[in-house]
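Proteins get letters first, then strands, A, B, ... in listed order; numbering begins at 1 in each.
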Protein chains: 2
Amino acid sequence: MSCITTIKERGFKLTPQRRLILDIIHESDTHVTAEEVVSLVQAKMPGVNKSTIYRTLELLDEIGCVVKGESHGRSIYHHAEEGHHHHMECRACGNTVDCSEDLFASVEKALHKKYGFRAEFKHTVIKGLCSQCRIRM
Amino acid sequence: MSCITTIKERGFKLTPQRRLILDIIHESDTHVTAEEVVSLVQAKMPGVNKSTIYRTLELLDEIGCVVKGESHGRSIYHHAEEGHHHHMECRACGNTVDCSEDLFASVEKALHKKYGFRAEFKHTVIKGLCSQCRIRM
DNA sequence: TTTCATGCAAATGATTTGCATAGTC
DNA sequence: GACTATGCAAATCATTTGCATGAAA
């Protein structure tokens, strides 16, 4: 079901601001910080307020239209397509590489079996050292 | 090697504040937020300043004496013992359950093989639904 | 026309910073 | 005694909130 349908079905109003914010997140192939969304939105539609964007992002996360995560103390978002989106972030050079595999299936299974916990690894920022920085160190 | 030795060896000074902060993190069997460290430290040694604590926590993380993580936009810390410390946090009730297993060994292996990336899963907050909340939902 | 969303401006709250003083080595 | 760490107070900076106005259903 499309996000637009979800918004309507849940009784929320479909405003141009919300459409644009959705578009921006869907266009981006990797995660974006809330602040990046603010800049991107304001580039296309000047005058849209930060508060609106923060509120919309929170709403979209709540109704499952986007996936929220956090990195370096900031909120990050990406679209909630089926599948997985993980990011490997090098603690030395700061570069990130995306990874769309279902990396955590076995972990999810183990946690469910042992603790009955249903882990949700939809959007994980994995910290570590990239191959280049490993060599340099 | 003990943290106290590490501090000295790296040329940092061993102050009562630093000792106390180290103690507090080592006494805690789960992670603590920076703010919790502030309260705990000030309970035992009133007058110690927030800045000192934040600076010390950052230092301790840098020299590997504690492990820093983040949850809900705040910094969390625990001692850097050998082994693993993960936390399952329920997004419904907010409860967390600790898990000291080496959950991510297979993921680490896979990422290294495919991307040469050395993932560091020392202290992960795993979000999801606990068994109780799964039933309620 | 009712209700929800937006814009604005100000508040929040964790974390950081500059600087003078105090404490370690 | 040299140099670092601390305390203090103020600054930061992302995010949130209250409220009056504007737009969607």
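Taking the side chain as every heavy atom from C-beta outward, Thr30(A) and His87(A) approach each other to under 4.5 Å. The closest side-chain heavy-atom distance from Cys99(B) to Met88(B) is below 4.5 Å. Between Glu89(A) and Cys130(A), every side-chain heavy-atom pair lies at or beyond the 4.5 Å cut-off.
Rounded to an integer number of Å, the gap from Asn49(A) CG to dT21(D) P is 17 Å. Atom CD of Glu36(B) is separated from atom P of dT15(C) by 11 Å (rounded to the nearest Å). When rounded to the nearest whole Å, the span between CD of Glu58(B) and P of dT4(D) equals 17 Å. Going from atom CG of Leu59(B) over to atom P of dT15(C) covers 17 Å, rounded to whole Å. Residue Ile53(B) contributes atom CD1, which lies 16 Å from atom P of dA5(D) at whole-angstrom precision. In this entry the distance linking CD of Glu62(B) with P of dA5(D) reads 11 Å, nearest Å. Summarising the geometry, the separation between CD1 on Ile7(A) and C1' on dC4(C) is reported as 13 Å, rounded to the nearest angstrom. Going from atom CZ of Arg10(B) over to atom C1' of dT4(D) covers 17 Å, rounded to whole Å.
Between His26(A) and His79(A), the angle of the ring planes stays under 30°, which puts this pair in the parallel group of the 30/60° scheme.
If you check every strand for non-hydrogen atoms under 4.0 Å, Ser75(B) touches sugar and phosphate atoms only. Across all strands shown, Arg55(B) has heavy atoms under 4.0 Å from base atoms, whether or not it also approaches the sugar-phosphate. At a threshold of 4.0 angstrom between heavy atoms, the contacts of Lys50(A) include nucleobase atoms, whether or not backbone atoms are also involved. Within the nucleic acid shown, Gly11(B) has no heavy atom closer than 4.0 Å to any nucleic acid atom.
Considering only side-chain N and O atoms, Thr15(A) lies nowhere under 4.0 angstrom from the phosphate OP1 or OP2 of dA24(D). At dA23(D), none of the side-chain N or O atoms of Gln17(A) fall inside 4.0 Å of OP1 or OP2 (strictly under the cut-off). At least one side-chain nitrogen or oxygen of Tyr54(A) sits closer than 4.0 Å to the OP1 or OP2 atom of dT15(D).
When distances run from any side-chain atom of Arg18(B) to the nucleotides dT6(D), dA5(C), dT15(C), the shortest one goes to dT6(D). In the set dT6(C), dG7(D), dT24(C), the nucleotide with an atom closest to the side chain of Pro16(B) is dT24(C). Comparing dG7(C), dT24(C), dA14(C) by their closest approach to the side chain of Glu35(B) singles out dA14(C). Candidate nucleotides dA9(C), dT6(D), dA25(D) were compared by shortest atom distance to the side chain of Lys13(A), and dA25(D) ranks first.
Taking only distance into account, the side chain of Arg74(B) never meets the base of dG13(C) through a donor-acceptor pair shorter than 3.5 Å. Applying the 3.5 Å distance criterion, the base of dT17(C) shares a donor-acceptor pair with the side chain of Ser51(B).
Of the two residues near DNA chain D, Gly47(B) and Lys8(A), the one whose nearest nucleotide lies more 5' is Gly47(B). Between Phe12(B) and Phe12(A), it is Phe12(A) whose nearest contact on DNA chain C lies nearer the 5' terminus.
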Which donor-acceptor pairs under 3.5 Å do side chains of residues 110-121 of chain A form with protein atoms, sequence neighbours excluded?
{"residue": "His112(A)", "atom": "NE2", "partner": "Arg134(B)", "partner atom": "NH1", "Å": "2.9"}
{"residue": "Lys114(A)", "atom": "NZ", "partner": "Glu101(B)", "partner atom": "OE2", "Å": "3.2"}
{"residue": "Tyr115(A)", "atom": "OH", "partner": "Glu101(B)", "partner atom": "OE2", "Å": "2.9"}
{"residue": "Glu120(A)", "atom": "OE1", "partner": "Arg91(B)", "partner atom": "NE", "Å": "2.9"}
{"residue": "Glu120(A)", "atom": "OE2", "partner": "Arg91(B)", "partner atom": "NE", "Å": "3.2"}
{"residue": "Glu120(A)", "atom": "OE2", "partner": "Arg91(B)", "partner atom": "NH2", "Å": "2.7"}

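In this structure, Leu20(A) shares a hydrophobic cluster with Ile4(A), Ile7(A), Phe12(A), Leu14(A), Ile21(A), Leu22(A), Ile24(A), Ile25(A), Val32(A), Val37(A), Val38(A), Leu40(A), Val41(A), Met45(A), Val48(A), Ile53(A), Tyr54(A), Leu57(A), Leu59(A), Leu60(A), Ile63(A), Val66(A), Tyr77(A), the cluster being traced through Ile, Leu, Val, Met, Phe, Trp and Tyr side chains under 4.5 angstrom apart.
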